[in-house]
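Keep in mind that the numbers below use all heavy atoms, side chains included, and drop hydrogens, waters and symmetry copies.
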Amino acid sequence: QVQLVESGGGLAQAGGSLRLSCVVYGSIFSIGAMGWYRQAPGKERELVADTTSGGSTNYADSVKGRFTISTDNAKNTVYLQMNTLKPEDTAVYYCHVDLQRWRGSVQSRYWGQGTQVTVSS
């Protein structure tokens, strides 16, 4: 069983900061990419940022220069530092991890339960 537990969401004012965390629990052989998506009301889920096991990162244009993704491999944790928040960042944020459960198994994507981020103007 693999479980992703997110924390750190909440209410922030425009211009403020929040830090999201996502811890991966369970029996894991290897982790590939980790990242964050978000979904605002009435909109499709979109990529915010992701990072590969090799350390390369990818950001949505809307968050470049404001958000930073990082990982702690020893803790199987991915973070999203969000600075200079804007009201349009309001959404439910979901973390994901692509991992292998066992040697030779197919790499599969797992999702967190989502954490609400609300930015007031």
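- Here N76 pairs with nothing under the side-chain hydrogen bond (donor to acceptor under 3.5 Å, both in side chains) rule; sequence neighbours left out.
- Note on ring orientation: taking the six-membered ring where Trp is involved, the planes of H96 and W111 are tilted (angle from 30° to 60°).
- With no hydrogens or angles considered, a side-chain donor-acceptor pair links Y93 and R38 at under 3.5 Å.
- Here the rule is side-chain contact (heavy atoms from CB on, under 4.5 Å) with I69, and of N58, T57, L20 only T57 fits it.
- Using modelled atom types, one side-chain atom of Q100 and one backbone atom of S105 make a donor-acceptor pair closer than 3.5 Å.
- Residue pairs satisfying the side-chain hydrogen bond (donor to acceptor under 3.5 Å, both in side chains) criterion with at least one member in residues 10-20, sequence neighbours excluded, are listed as follows: S17-N83.
- Note that NZ of K43 is 7.0 Å distant from CD of E46, once rounded to the nearest 0.5 Å.
- Considering every non-hydrogen atom in both G9 and V117, the closest pair reads CA-CG2, 4.2 Å.
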side-chain contact (heavy atoms from CB on, under 4.5 Å) between F67 and L85, worked out: CA-CA 9 Å; F67 291 9; L85 284 163; 3.9 Å; yes
Audit row: W36, M82, side-chain contact (heavy atoms from CB on, under 4.5 Å) steps and yes/no: CA-CA 12 Å; W36 295 89; M82 305 185 294; over 6 Å; no
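- Note that OH of Y94 is 15.0 Å distant from CG of L47, once rounded to the nearest 0.5 Å.
- V97 has its side chain out of reach of V78: every pair of non-hydrogen atoms, C-beta onward, lies at least 4.5 Å apart.
- A donor-acceptor pair is defined here as one N or O able to donate and one able to accept, closer than 3.5 Å; no such pair exists between the side chain of T51 and the backbone of M34.
- Y37 OH to R45 CZ: the interatomic distance, rounded to the nearest 0.5 Å, is 9.0 Å.
- Using modelled atom types, no side-chain atom of T71 and backbone atom of N73 make a donor-acceptor pair closer than 3.5 Å.
- Residues P87 and A14 share a closest heavy-atom pair of CD-CB, 4.2 Å.
- Nearest heavy-atom pair across V92 and Q116 is CG2-OE1, 3.2 Å.
- With rounding to the nearest 0.5 angstrom, the OG atom of S62 is 7.0 Å from the CG atom of D89.
- Within the model, atoms OG1 of T115 and CG of L18 stand 9.0 Å from one another, a figure rounded to the nearest 0.5 Å.
- Salt bridge present: D61 and K64 bring a charged side-chain N and a carboxylate O closer than 4.0 Å.
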Residue pair Y25, V5: steps toward the side-chain contact (heavy atoms from CB on, under 4.5 Å) verdict: CA-CA 8 Å; Y25 295 99; V5 179; 3.7 Å; yes
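- Using a 4.5 Å heavy-atom cutoff, the side chains of V24 and L99 are in contact.
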side-chain contact (heavy atoms from CB on, under 4.5 Å) between Q81 and S70, intermediate numbers included: CA-CA 8 Å; Q81 178 66 44; S70 61; over 6 Å; no
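- Put simply, the side chain of T90 gets close to the backbone of V119: a donor and an acceptor are under 3.5 Å apart.
- At least one side-chain heavy atom of T68 sits under 4.5 Å from a side-chain heavy atom of Y59.
- Atom CD in E6 sits 12.0 Å away from atom OG1 in T77 (nearest 0.5 Å).
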